[in-house]
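Note that the structure is a prediction, hence the values are computed from the model and not measured.
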Amino acid sequence: MLTGEACDARADLETRAAELIRQVGHEPAEDPKIGISAVELAATVLRTLALPDVVTLRPRLVPELPLFGSQTHEGGEVLLSGQVDAIAFDEAGAIDAVVDWKSDVAPDAPSIGHYRQQIADYRKQTNAKRALLVFMTTGQVVDVT
């Protein structure tokens, strides 16, 4: 949706989700307990994009940008390479926020801690003002700033 390949209409989004499911060799499941459901995927995306933090950033979000950097750790250089799920630029073109979409159904504390470190590294490398972990299934937004 952020790239314009799908619109906000639920039916169109369900159709696009079904196409993507088929592209990975599966048939969309009616019941999400037995397979990948286009209906559930569409609903999750729409709920996520309706979250207040996401609504505020959405007009400025650019998806899927590569990130490369380095930092010093214990006297050595650590290289960083990743793919930022989305970046929001400010009016001057600087990076305002980095966003990491998470699909965990029930994220545990160790996973959240790992994700927090990852998005904090992205924030540091980009000099972003904010870094957000957006748990799409639960609707939880963790601001790592």
Find the distance between CH2 (W101) and OG1 (T44) and round it off to the nearest 0.5 Å.
12.5 Å
Is there a path of hydrophobic side-chain contacts, each under 4.5 Å between heavy atoms of I/L/V/M/F/W/Y residues, joining M1 to L57?
yes
Do other residues, nucleotides or ligands put more than 12 heavy atoms under 6.0 Å from E30 CD?
no
Same hydrophobic cluster for L41 and L51, using side-chain heavy-atom links shorter than 4.5 Å among ILVMFWY?
no
Looking at L133, is its backbone amide N or carbonyl O close enough to the side chain of D100 to form a donor-acceptor pair, meaning the two atoms are under 3.5 Å apart?
no
I87 and L61: side-chain contact (heavy atoms from CB on, under 4.5 Å), yes or no, with the steps?
CA-CA 5 Å; I87 290 178; L61 285 177; over 6 Å; no
Heavy-atom closest pair, residues S70 and L79
CB-CD2, 3.8 Å
Please walk me through it: do I95 and N127 pass side-chain contact (heavy atoms from CB on, under 4.5 Å)?
CA-CA 7 Å; I95 296 175; N127 293 316; over 6 Å; no
Could you go through R16 and E19, starting from their C-alpha distance and side-chain angles, then the distance that decides it, and tell me whether this counts as salt bridge (charged side-chain N to carboxylate O under 4.0 Å, His left out)?
CA-CA 5 Å; R16 180 67 177 138; E19 290 170 357; 3.3 Å; yes
Quick one: CG on L20 to CD1 on I36, what's the gap to the nearest 0.5 Å?
10.5 Å
Has S111 got a side-chain atom pairing as donor or acceptor with P107's backbone, closer than 3.5 angstrom?
no
Report yes or no: does D104 contribute a side-chain atom to a donor-acceptor pair with the main-chain N or O of A106 at less than 3.5 Å?
no
Determine whether L80 and Q71 satisfy the following criterion, side-chain contact (heavy atoms from CB on, under 4.5 Å), listing intermediate values before the conclusion.
CA-CA 8 Å; L80 176 69; Q71 57 192 23; 5.6 Å; no
Which value, rounded to the nearest 0.5 Å, describes the distance between L49 atom CG and D8 atom CG?
7.0 Å
How close do A131 and I119 get, heavy atom to heavy atom, and via which atoms?
CB-CG1, 3.6 Å
Can you name the one residue among V45, L46, V39 that meets side-chain contact (heavy atoms from CB on, under 4.5 Å) with R10?
L46
Nearest non-hydrogen partners of T48 and M136, listed with the distance
OG1-CB, 3.2 Å
Under 3.5 Å donor-acceptor, R60 side chain and F89 backbone:
yes
Determine whether a donor-acceptor pair (N or O, by modelled atom type, separation under 3.5 Å) exists between the side chain of S37 and the backbone of E40.
yes
Counting only N and O atoms by type, is there a donor-acceptor contact under 3.5 Å from the side chain of R123 to the main-chain atoms of K129?
yes
Check whether V62 and L67 end up in the same hydrophobic cluster, where Ile, Leu, Val, Met, Phe, Trp and Tyr are linked by side-chain heavy atoms less than 4.5 Å apart.
yes
Minimum heavy-atom separation for E14 to A38, with atom names?
O-CB, 3.5 Å
Cluster check V144, L132: I/L/V/M/F/W/Y, side chain < 4.5 angstrom
no
Expected output: side-chain Q83 to main-chain E64 donor-acceptor under 3.5 Å:
yes
Could you measure the distance from the CG atom of D31 to the NZ atom of K33? Nearest 0.5 Å is fine.
6.5 Å
Should the pair D85-K102 be classified as a salt bridge under the 4.0 Å nitrogen-to-oxygen rule?
no
To check you understand the geometry: which heavy-atom pair defines the closest contact between V105 and T137, and what is its length?
CA-CG2, 4.1 Å
Quick check: do V99 and V134 have side-chain heavy atoms less than 4.5 Å from each other?
yes
Group every Ile, Leu, Val, Met, Phe, Trp and Tyr by side-chain heavy-atom contacts under 4.5 Å, then state whether V98 and L2 land in the same group.
no
How close do F68 and Q125 get, counting heavy atoms only, and between which atoms?
O-OE1, 4.5 Å
Verdict with reasoning, Q117 to D121, per side chain to side chain donor-acceptor pair (under 3.5 Å)
CA-CA 6 Å; Q117 183 59 55; D121 288 343; 2.8 Å; yes
